[in-house]
Amino acid sequence: MLLEQFRLSFSSYQNKTLSGGIIGKHLRIIDNGSGQLTLTGDISITLKVLDLTSVGAPRIQSLMRLSEQAIMSKLRGGAYGDQAIFYEFNSTKNAFTNKQHTYSLRYNFNYTASLVQVNSLSQIAGNDFVLALVDEIGYRFTDIYGRKHASGGLTHKTGGPATVIYSEWDKNYLIGVHEFFHTLGLPDLEDNGLENRLMYHLGKVGSNVTNNERAIMNKFIMYDLRDMTKGSYSNPGNNMVNQLRTFLNDKSNGFKYNKAKFR
């Protein structure tokens, strides 16, 4: 974490409407006096699911409930992050000073997750998370061993929209969680021996998430520590509708879906 990155991020966020996919309440920073800050509070995450399939998604409600439980279980339990260069925290004033300081971070948020089905773009706000269900994904990728693979899901950068082939999600609900966790900053894993990990993607998805992966996602969710001092927080808008439109219309991704539903 570099100070200049925080300044740029904070200044750009000030001009954006806040209401959305991440809601934080009862936020608190605990300083142990020995260089560790523990971040606590209640974080709720809402992921909107847009069915763009041609024949419908009959098990969508069941899959959403299973995915909710998986997201909460993987994020809960706390995580220790790397040392962060930030500002000195004044516990008495519940504020950061303008002096530079190095902390180790412990994330100990209480997470709840909610997947909500939506039927149109008008139901998507600028800072919502979105998982779009499609019929097919034509994109093929080459792994580190030089082999080509089909894609069961595809995500457009950290914080952006995610997609999953409904038939693949129906076979294994964790594929949808895998794609959503890309949104929270996790990369794919391809190395042999990691087949039990949730972010493994060469033909199957495991279920395990490491402390480091939880820390990466927590860092994305609470990127600027100064937001903790407000007591409540909502993630900045990121123009999700336009991102989703651009992503789905990118021919290199080879999406097949019911365009009449995309309105």
Side-chain angles (χ1 to χ4, degrees), residues 1-14 16 18 20-47 70-113 127 129 157-160 177-178 180-189 194 197-199 208-236 238:
M1 294 184 186
L2 301 178
L3 293 175
E4 186 59 29
Q5 290 177 315
F6 280 114
R7 291 193 188 101
L8 293 172
S9 176
F10 186 70
S11 62
S12 66
Y13 288 173
Q14 287 178 322
K16 296 180 180 180
L18 301 180
I22 302 172
I23 300 292
K25 295 182 179 180
H26 312 118
L27 302 178
R28 183 182 174 208
I29 300 174
I30 301 171
D31 186 349
N32 74 348
S34 300
Q36 177 180 286
L37 298 182
T38 298
L39 313 184
T40 69
D42 301 321
I43 303 288
S44 62
I45 295 177
T46 301
L47 172 60
I71 290 170
M72 287 188 285
S73 69
K74 303 308 176 186
L75 285 172
R76 284 176 178 164
Y80 287 92
D82 295 331
Q83 285 195 326
I85 300 173
F86 200 63
Y87 300 105
E88 184 180 43
F89 180 66
N90 186 318
S91 298
T92 303
K93 296 182 178 180
N94 188 37
F96 288 96
T97 70
N98 59 0
K99 296 179 181 179
Q100 186 173 324
H101 201 282
T102 300
Y103 289 105
S104 60
L105 298 178
R106 182 183 181 186
Y107 302 95
N108 196 24
F109 294 120
N110 177 45
Y111 279 100
T112 58
N127 52 344
F129 292 122
K157 72 182 184 180
T158 301
V177 180
H178 171 108
F180 174 62
F181 279 2
H182 281 318
T183 294
L184 299 185
L186 296 190
D188 279 318
L189 301 175
L194 300 181
R197 298 271 290 277
L198 180 63
M199 300 314 295
N208 291 344
V209 172
T210 65
N211 170 80
N212 183 60
E213 288 172 322
R214 284 196 302 273
I216 290 170
M217 292 188 287
N218 275 275
K219 179 181 176 182
F220 172 82
I221 289 165
M222 189 54 63
Y223 182 72
D224 192 332
L225 300 184
R226 288 169 294 193
D227 288 323
M228 291 288 300
T229 64
K230 302 173 185 176
S232 61
Y233 166 79
S234 180
N235 64 302
N238 57 6

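All of these numbers come straight from a predicted model, not from anything done at the bench.
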For this session: Step by step, work out the side chain to side chain contact (heavy atoms under 4.5 Å, CB included) result for Asp82 and Lys219.
Result: CA-CA 10 Å; Asp82 295 331; Lys219 179 181 176 182; over 6 Å; no
Separation of [Y] [atom2] from [X] [atom1] (nearest 0.5 Å):
{"X": "Leu27", "Y": "Met222", "atom1": "CG", "atom2": "CE", "value": "5.0 Å"}
{"X": "Leu37", "Y": "Asn32", "atom1": "CG", "atom2": "CG", "value": "8.0 Å"}
{"X": "Thr112", "Y": "Ile71", "atom1": "OG1", "atom2": "CD1", "value": "11.0 Å"}
{"X": "Phe181", "Y": "Arg214", "atom1": "CZ", "atom2": "CZ", "value": "10.0 Å"}
{"X": "Asn211", "Y": "Ile216", "atom1": "CG", "atom2": "CD1", "value": "10.0 Å"}
{"X": "Leu39", "Y": "Ile29", "atom1": "CG", "atom2": "CD1", "value": "6.0 Å"}

Shortest non-hydrogen separation from [X] to [Y] and the atoms involved:
{"X": "Asn127", "Y": "Pro236", "result": "CB-O, 3.1 Å"}
{"X": "Ala95", "Y": "Thr229", "result": "CA-CG2, 4.2 Å"}
{"X": "Gly24", "Y": "Ile43", "result": "CA-CD1, 3.8 Å"}
{"X": "Ala79", "Y": "Ala215", "result": "CB-N, 3.7 Å"}
{"X": "Tyr233", "Y": "Asp227", "result": "CE1-OD2, 3.3 Å"}

For this session: Apply the side-chain contact (heavy atoms from CB on, under 4.5 Å) test between Asn110 and each candidate in Met72, Arg76, Lys25; give the one that qualifies.
Result: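 Exactly one option meets the side-chain contact (heavy atoms from CB on, under 4.5 Å) with Asn110, and it is Arg76.
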For this session: Measure the acute angle between the ring planes of Phe129 and Phe220, then classify it against the limits of 30° and 60° as parallel, tilted or perpendicular.
Result: tilted
For this session: Report the relative orientation of the aromatic rings in His182 and His178; use parallel for angles under 30°, tilted for 30 to 60°, perpendicular for over 60°.
Result: perpendicular
Exercise. Can you tell me if Asn218 and Tyr111 form a side-chain donor-acceptor pair at under 3.5 Å?
Worked result: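 Present: a donor and an acceptor within the cut-off.
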Exercise. Does a sphere of radius 6.0 Å around CG in Asp188 hold more than 12 heavy atoms from other residues, nucleotides or ligands, not counting ones at 6.0 Å or beyond?
Worked result: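 Count over threshold, so yes.
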Side-chain ([X]) to main-chain ([Y]) donor-acceptor, under 3.5 angstrom:
{"X": "Asn90", "Y": "Thr97", "result": "no"}
{"X": "Arg106", "Y": "Gly78", "result": "no"}
{"X": "Thr158", "Y": "Thr183", "result": "no"}

Problem set entry | Contacts of type ring-ring contact (aromatic ring centres under 6.0 Å, His included), residue His26, not counting sequence neighbours |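 Partners of His26 by the ring-ring contact (aromatic ring centres under 6.0 Å, His included) criterion come out as none, since no residue qualifies.
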Problem set entry | Sequence-distant partners of Tyr103, ring-ring contact (aromatic ring centres under 6.0 Å, His included), two or more places apart | His101
Is any side-chain heavy atom of [Y] closer than 4.5 Å to one of [X]?
{"X": "Leu75", "Y": "Ile45", "result": "yes"}
{"X": "Phe89", "Y": "Asn94", "result": "yes"}
{"X": "Met217", "Y": "Tyr107", "result": "no"}
{"X": "Lys74", "Y": "Leu184", "result": "no"}
{"X": "Arg226", "Y": "Phe86", "result": "yes"}

For this session: Quick one: do Lys157 and Asn238 satisfy side chain to side chain contact (heavy atoms under 4.5 Å, CB included)? Show the steps, please.
Result: CA-CA 12 Å; Lys157 72 182 184 180; Asn238 57 6; over 6 Å; no
